[in-house]
Amino acid sequence: MADSWEALEKECLACRECSLWETRKNVVFGVGSRDAEVLFIGEGPGANEDEQGEPFVGRAGKLLDDMLAIIGLRRESVYIANIVKCRPPENRDPLGVEQDACIGYLRRQTALLRPKIIVCLGRISAMKIIREDFRITREHGQWFEKAGVLMTATFHPAYLLRDPRKRPESFDDLKALQAKIREVCEHTPVD
Ligand code: URA
(Lines give C-alpha, C1' and ligand atoms only; values in the text may rest on other atoms or scores of the structure.)
Protein backbone atom coordinates (compact mmCIF):
# COMPACT_ATOMS: atom_id res chain seq x y z
CA MET A 1 0.00 0.00 0.00
CA ALA A 2 1.20 3.52 -0.76
CA ASP A 3 2.67 5.37 2.19
CA SER A 4 0.93 8.46 3.54
CA TRP A 5 1.92 11.26 5.89
CA GLU A 6 -0.91 10.28 8.22
CA ALA A 7 0.14 6.61 8.47
CA LEU A 8 3.78 7.57 8.87
CA GLU A 9 3.14 10.13 11.60
CA LYS A 10 0.90 7.74 13.51
CA GLU A 11 3.54 5.01 13.41
CA CYS A 12 6.31 7.39 14.38
CA LEU A 13 4.40 8.82 17.35
CA ALA A 14 3.97 5.30 18.77
CA CYS A 15 7.56 4.21 18.06
CA ARG A 16 9.52 2.10 20.55
CA GLU A 17 12.30 0.96 18.19
CA CYS A 18 15.08 2.25 20.46
CA SER A 19 15.30 3.10 24.15
CA LEU A 20 14.78 6.86 23.68
CA TRP A 21 11.02 6.34 23.94
CA GLU A 22 11.47 5.65 27.66
CA THR A 23 12.62 9.19 28.43
CA ARG A 24 10.80 11.23 25.79
CA LYS A 25 7.91 13.56 26.53
CA ASN A 26 7.00 13.96 22.88
CA VAL A 27 8.05 12.49 19.57
CA VAL A 28 9.28 15.33 17.37
CA PHE A 29 8.04 14.24 13.96
CA GLY A 30 8.74 17.29 11.80
CA VAL A 31 7.16 20.58 10.81
CA GLY A 32 6.52 22.70 7.76
CA SER A 33 4.94 22.34 4.38
CA ARG A 34 4.32 18.81 3.15
CA ASP A 35 4.95 19.94 -0.41
CA ALA A 36 8.08 21.90 0.40
CA GLU A 37 10.92 21.77 -2.09
CA VAL A 38 13.57 22.28 0.57
CA LEU A 39 14.13 19.90 3.49
CA PHE A 40 16.27 20.91 6.47
CA ILE A 41 17.58 18.06 8.60
CA GLY A 42 18.87 18.58 12.14
CA GLU A 43 20.27 16.12 14.59
CA GLY A 44 17.67 15.42 17.23
CA PRO A 45 15.33 17.20 19.64
CA GLY A 46 16.62 19.07 22.68
CA ALA A 47 14.71 19.83 25.88
CA ASN A 48 12.44 22.52 24.37
CA GLU A 49 11.62 20.41 21.33
CA ASP A 50 10.86 17.41 23.58
CA GLU A 51 8.49 19.61 25.61
CA GLN A 52 6.68 21.06 22.61
CA GLY A 53 6.89 18.22 20.07
CA GLU A 54 8.27 20.55 17.41
CA PRO A 55 11.79 20.78 15.95
CA PHE A 56 14.01 23.80 16.51
CA VAL A 57 11.93 25.80 18.97
CA GLY A 58 14.68 26.64 21.49
CA ARG A 59 17.55 29.13 21.15
CA ALA A 60 19.05 27.24 18.22
CA GLY A 61 15.62 27.25 16.62
CA LYS A 62 15.35 31.01 16.96
CA LEU A 63 18.69 31.31 15.22
CA LEU A 64 17.52 28.90 12.50
CA ASP A 65 14.49 31.13 11.92
CA ASP A 66 16.83 34.12 11.61
CA MET A 67 19.03 32.20 9.18
CA LEU A 68 16.00 31.34 7.06
CA ALA A 69 14.84 34.96 7.18
CA ILE A 70 18.21 36.16 5.83
CA ILE A 71 17.36 34.47 2.54
CA GLY A 72 13.65 35.25 2.62
CA LEU A 73 12.51 31.82 3.79
CA ARG A 74 9.98 31.06 6.50
CA ARG A 75 9.58 27.76 8.29
CA GLU A 76 6.14 27.36 6.73
CA SER A 77 7.63 27.27 3.23
CA VAL A 78 10.19 24.52 3.96
CA TYR A 79 10.10 21.23 5.88
CA ILE A 80 12.20 20.70 9.02
CA ALA A 81 12.96 17.30 10.54
CA ASN A 82 15.67 15.54 12.50
CA ILE A 83 17.74 12.37 12.17
CA VAL A 84 16.27 11.09 15.45
CA LYS A 85 12.75 11.96 16.53
CA CYS A 86 13.20 11.57 20.30
CA ARG A 87 15.45 13.53 22.62
CA PRO A 88 18.74 11.89 23.57
CA PRO A 89 19.17 12.36 27.36
CA GLU A 90 21.46 15.20 28.48
CA ASN A 91 21.53 16.43 24.88
CA ARG A 92 24.21 13.91 23.96
CA ASP A 93 24.75 13.01 20.32
CA PRO A 94 22.34 10.33 19.13
CA LEU A 95 24.00 6.91 19.16
CA GLY A 96 24.51 4.97 15.94
CA VAL A 97 21.89 2.41 17.00
CA GLU A 98 19.40 5.20 17.69
CA GLN A 99 20.07 6.81 14.32
CA ASP A 100 19.73 3.46 12.57
CA ALA A 101 16.47 2.68 14.38
CA CYS A 102 15.01 6.06 13.40
CA ILE A 103 16.35 6.79 9.93
CA GLY A 104 13.55 4.87 8.21
CA TYR A 105 11.07 7.56 9.29
CA LEU A 106 13.19 10.29 7.71
CA ARG A 107 13.60 8.21 4.56
CA ARG A 108 9.83 7.85 4.31
CA GLN A 109 9.33 11.57 5.00
CA THR A 110 11.80 12.30 2.20
CA ALA A 111 10.07 9.88 -0.18
CA LEU A 112 6.71 11.55 0.50
CA LEU A 113 8.11 15.06 0.24
CA ARG A 114 10.37 14.52 -2.80
CA PRO A 115 12.43 17.64 -2.04
CA LYS A 116 14.64 19.24 -4.64
CA ILE A 117 17.18 20.34 -2.02
CA ILE A 118 18.26 18.86 1.32
CA VAL A 119 20.17 21.02 3.79
CA CYS A 120 21.94 19.16 6.58
CA LEU A 121 22.29 21.18 9.76
CA GLY A 122 25.56 20.16 11.38
CA ARG A 123 28.00 17.30 11.37
CA ILE A 124 25.79 14.47 12.62
CA SER A 125 23.15 15.11 9.98
CA ALA A 126 25.71 15.50 7.18
CA MET A 127 27.48 12.29 8.18
CA LYS A 128 24.22 10.37 8.09
CA ILE A 129 22.77 11.92 4.94
CA ILE A 130 25.66 12.94 2.69
CA ARG A 131 28.69 10.81 3.59
CA GLU A 132 29.84 8.88 6.63
CA ASP A 133 33.19 10.68 6.74
CA PHE A 134 31.80 14.16 5.99
CA ARG A 135 33.97 16.96 7.43
CA ILE A 136 31.72 19.90 8.24
CA THR A 137 34.52 22.46 8.70
CA ARG A 138 36.00 21.62 5.32
CA GLU A 139 32.96 20.66 3.26
CA HIS A 140 30.13 22.91 4.46
CA GLY A 141 28.59 24.86 1.61
CA GLN A 142 29.65 22.33 -1.03
CA TRP A 143 26.96 20.67 -3.14
CA PHE A 144 26.42 16.98 -3.68
CA GLU A 145 23.84 15.04 -5.65
CA LYS A 146 22.26 11.75 -4.65
CA ALA A 147 19.43 10.12 -6.56
CA GLY A 148 18.61 13.41 -8.25
CA VAL A 149 18.43 15.38 -5.00
CA LEU A 150 20.84 18.25 -4.38
CA MET A 151 22.36 18.26 -0.92
CA THR A 152 24.51 20.57 1.13
CA ALA A 153 25.45 21.05 4.77
CA THR A 154 26.00 24.07 6.91
CA PHE A 155 26.89 24.62 10.55
CA HIS A 156 24.32 23.64 13.14
CA PRO A 157 22.72 26.77 14.68
CA ALA A 158 23.61 25.51 18.19
CA TYR A 159 27.24 25.43 17.08
CA LEU A 160 26.95 28.97 15.73
CA LEU A 161 25.63 30.08 19.11
CA ARG A 162 28.73 28.60 20.74
CA ASP A 163 31.17 29.89 18.09
CA PRO A 164 29.88 33.08 16.41
CA ARG A 165 33.15 33.35 14.46
CA LYS A 166 31.69 30.78 12.06
CA ARG A 167 28.75 33.00 11.21
CA PRO A 168 30.31 34.70 8.15
CA GLU A 169 30.95 31.27 6.63
CA SER A 170 27.40 30.19 7.37
CA PHE A 171 26.17 33.42 5.73
CA ASP A 172 28.02 32.43 2.55
CA ASP A 173 26.39 28.98 2.70
CA LEU A 174 22.97 30.59 3.03
CA LYS A 175 23.53 32.89 0.06
CA ALA A 176 24.62 29.87 -2.01
CA LEU A 177 21.47 28.06 -0.88
CA GLN A 178 19.37 31.03 -1.92
CA ALA A 179 20.97 31.00 -5.38
CA LYS A 180 20.38 27.24 -5.70
CA ILE A 181 16.73 27.63 -4.68
CA ARG A 182 16.30 30.27 -7.38
CA GLU A 183 17.89 27.92 -9.87
CA VAL A 184 16.03 24.67 -9.19
CA CYS A 185 12.88 25.34 -7.15
CA GLU A 186 9.54 26.26 -8.65
CA HIS A 187 7.43 27.48 -5.75
CA THR A 188 9.80 28.37 -2.92
CA PRO A 189 9.84 32.14 -2.41
CA VAL A 190 13.19 33.70 -1.59
CA ASP A 191 13.79 37.46 -1.50
N1 URA B 1 18.83 20.72 17.44
C2 URA B 1 18.49 19.83 16.46
O3 URA B 1 19.35 19.25 15.80
N4 URA B 1 17.20 19.64 16.24
C5 URA B 1 16.24 20.25 16.92
O6 URA B 1 15.07 20.01 16.63
C7 URA B 1 16.62 21.16 17.92
C8 URA B 1 17.91 21.37 18.16
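Ligands are counted one by one from 1 in listed order, and the atoms in each one are counted from 1 as well. Any value given below was found using the heavy atoms of this structure, including those in side chains, with hydrogens, waters and symmetry copies removed.
Ordered by chain and residue number, the residues placing a heavy atom less than 4.0 Å from ligand 1 are Gly42, Glu43, Gly44, Glu49, Pro55, Phe56, Asn82, His156.
For Glu37 and Arg114, the salt-bridge test fails: no basic side-chain N is under 4.0 Å from an acidic carboxylate O. A salt bridge links Asp100 to Lys128: one of the charged nitrogens lies within less than 4.0 Å of a carboxylate oxygen.
Among residues two or more places apart in sequence or in another chain, the salt bridge (Lys or Arg N to Asp or Glu O under 4.0 Å) test is passed with Asp35 by none.
Distance OG/Ser125 to CD/Glu43: 8.5 Å, rounded to 0.5 Å.
Between Trp5 and Tyr79, the two ring planes are tilted [angle within 30° to 60°].
The aromatic ring centres of Phe134 and Phe144 sit less than 6.0 Å apart.
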